[in-house]
2 protein chains.
Amino acid sequence: MNPTRRPRADGRRNRERLLAEADVMFRERGVGAPLDGVARRAGVAIGTLYGHFPDRRALLGALLRDRNEALFIAGEELTSQPPEAALRRWVGLVVEHAATYQGLAAMLADGADDEASELHASCARMTAISEHLVINAVSAGVARPEVTGADVFALMNAGAWTREHVSAEQADRLVGYVIDGMLEARPES
Amino acid sequence: MNPTRRPRADGRRNRERLLAEADVMFRERGVGAPLDGVARRAGVAIGTLYGHFPDRRALLGALLRDRNEALFIAGEELTSQPPEAALRRWVGLVVEHAATYQGLAAMLADGADDEASELHASCARMTAISEHLVINAVSAGVARPEVTGADVFALMNAGAWTREHVSAEQADRLVGYVIDGMLEARPES
DNA sequence: ACCTGAACACCGTTCAAGT
DNA sequence: ACCTGAACACCGTTCAAGT
């Protein structure tokens, strides 16, 4: 009787198939991939896709939900680790995540400002975890005090975007330089 | 008699107007702005735009030609300046340039690989000047020896892209961290 | 409650017909 | 030699009609 408890089985199946095919298409062609292609591959009409997801961002938000959760759990755990290593690991994890699909880094970067975006909450949380890790690093005297969580969030998106244009190795090396620049009073000195 | 020496006056005027309106539209809406809007504002039919510029990249390439030349001259001059300041200044100039239109940084990043792109030659030249400045800095012992001109080119694009999503101040500060990370044996140590 | 697909809008690009 | 604009293709999004 309660529709939230008993969704129609075909509706659930279609939703799952749409998410699975969107993942395939977005990996191949980026987050701008044609949505009618997603629907076709999922074996449903385009209207069905829009029935489940009002627009591209909603589809993307649903697609990332589980992966975001895993990321946040990992980030929270890093909070109790040695600050420099924790910050480097966190940045690495999010860069990898934000580079999953071409164009994702740009959507995340925009999602931070746009409260209407389905990605907004996760962007805010990434920034909050970044801020936490930065505070740890500043408190430990290993990071410049002017660095913010928003800086780290911007850096992670820039790193992911750079991966779309150069090799992962080169992009990650550049990201490493940024973190080096954010840190001071390194161990060996 | 020679068509290259005597282009039709209306053709030349249309070309100029198209470039001027493309500049306006691209500044307002980014390099993906509707081309029929450019044509309409220039007072010509869409076919006229395509007659002068076979595609969006060709239009963009023509639009940037003079600015690129100015940039290269400035870059060459920096080549004989103190290496650290020269590198910082060069990166600042190109970041500013590549942030002129939304989406330009992405086209430049792609233009480096794609020989068919009208932007390829200028990307190659930016990389070459970057390489020159990096070699100067490495020779002077102020930059890590593994840094390349391609790294600096990627950094400049990433910096310009970041400016599309955060304030210029924040983006420039992040760019500064990358350069800090690329440099070592700083004066004060 | 969910699905279908025709319909509309928007825009890139081409090309036959003009001047 | 250059210009015009209709025509086609592609894709996002909506919605009336079905089940």
Side-chain angles (χ1 to χ4, degrees), chain A residues 1-22 24-26 28-63 101-103 106-107 110 116-118, chain B residues 1-22 24-26 28-63 101-103 106-107 110 116-118:
Chain A
M1 341 188 126
N2 184 334
T4 48
R5 281 204 303 136
R6 294 203 149 281
R8 251 169 58 173
D10 59 340
R12 271 231 321 257
R13 261 201 319 273
N14 283 339
R15 207 190 116 95
E16 294 309 314
R17 291 214 55 185
L18 282 164
L19 286 171
E21 297 302 333
V24 173
M25 283 285 277
F26 287 179
E28 285 172 2
R29 315 248 228 137
V31 295
L35 294 184
D36 65 338
V38 172
R40 200 178 323 109
R41 288 172 77 149
V44 299
I46 182 62
T48 302
L49 186 152
Y50 278 91
H52 284 280
F53 309 103
D55 59 21
R56 184 182 297 276
R57 269 197 326 213
L59 173 57
L60 190 59
L63 195 52
Y101 313 124
Q102 264 183 50
M107 301 217 68
D110 288 338
S117 169
E118 283 79 1
Chain B
M1 336 183 134
N2 183 336
T4 49
R5 280 204 304 136
R6 294 205 149 281
R8 257 170 52 174
D10 58 342
R12 271 230 320 256
R13 260 201 318 273
N14 283 339
R15 207 190 115 95
E16 294 310 314
R17 291 214 55 188
L18 282 164
L19 286 171
E21 297 301 335
V24 173
M25 282 285 276
F26 288 178
E28 284 172 2
R29 314 246 231 135
V31 295
L35 294 185
D36 65 338
V38 173
R40 201 177 325 112
R41 290 172 75 150
V44 299
I46 183 60
T48 302
L49 186 152
Y50 279 91
H52 285 279
F53 309 102
D55 58 21
R56 185 182 296 275
R57 269 198 324 216
L59 173 57
L60 189 59
L63 195 51
Y101 313 125
Q102 261 183 52
M107 302 217 68
D110 288 339
S117 170
E118 282 78 3

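What you are looking at is a predicted structure, and each value in this text was computed from that prediction instead of being measured. So that the names make sense, note that chain A is the first sequence line, chain B the second, and so on, each numbered from 1.
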Quiz item: When you look for runs of 3 or more Watson-Crick or G-U pairs in a row, both distances below 3.5 Å, which of them include DNA chain C?
Solution: C:4-8 with D:12-16, C:12-16 with D:4-8

Quiz item: Rounded to whole angstroms, how far apart are CZ on A/F53 and C1' on D/dT13?
Solution: 16 Å

Quiz item: For the atom pair CD (B/E21) and CE (B/M25), what is the distance rounded to the nearest 0.5 Å?
Solution: 9.0 Å

Quiz item: Do the side chain of B/R29 and the main chain of B/V24 share a donor and acceptor less than 3.5 angstrom apart?
Solution: no

Exercise. Give, for atom OH of B/Y50 and atom CG of B/D36, the distance between the pair rounded to the nearest 0.5 Å.
Key: 8.5 Å

Quiz item: Once you round to the nearest 0.5 Å, how far does CG of A/L59 lie from CG of A/D55?
Solution: 9.0 Å

Self-check item: Residues from residues 28-42 of chain A lying under 4.0 Å of DNA chain C - heavy atoms
Solution: none

Quiz prompt | Any side-chain heavy-atom pair of A/L19 and A/F53 under 4.5 Å | solution = yes

Exercise. Would you check if B/L60 and B/M107 make a side-chain contact, meaning some heavy-atom pair closer than 4.5 Å?
Key: yes

Quiz item: Does B/R56 use its side chain to pair, donor to acceptor, with the backbone of B/V31 at less than 3.5 Å?
Solution: yes

Exercise. Would you mind reading off the distance between B/M25 atom CE and C/dG12 atom P, rounded to a whole angstrom?
Key: 9 Å

Self-check item: Spacing of A/E16 atom CD and A/H52 atom NE2 [to the nearest 0.5 Å]
Solution: 9.5 Å

Quiz item: Phosphate oxygens OP1/OP2 of C/dT13: is one of them under 4.0 Å from a side-chain N or O of B/Y50?
Solution: yes

Self-check item: Contact summary for A/A116 and A/R57, nearest pair of heavy atoms
Solution: O-NH2, 3.9 Å

Strictly under 3.5 Å: I want the nitrogen or oxygen pairs between protein and nucleotides 3-5 of chain C, one per line.
residue, atom, partner, partner atom, Å
C/dC3, OP1, A/N14, ND2, 2.1
C/dC3, OP2, A/H52, NE2, 3.0
C/dT4, OP2, A/A45, N, 2.9
C/dT4, OP2, A/T48, OG1, 2.6
C/dG5, O6, A/G47, N, 3.4

Quiz prompt | Flag side-chain contact, heavy atom, 4.5 Å: B/P34 against B/R40 | solution = no

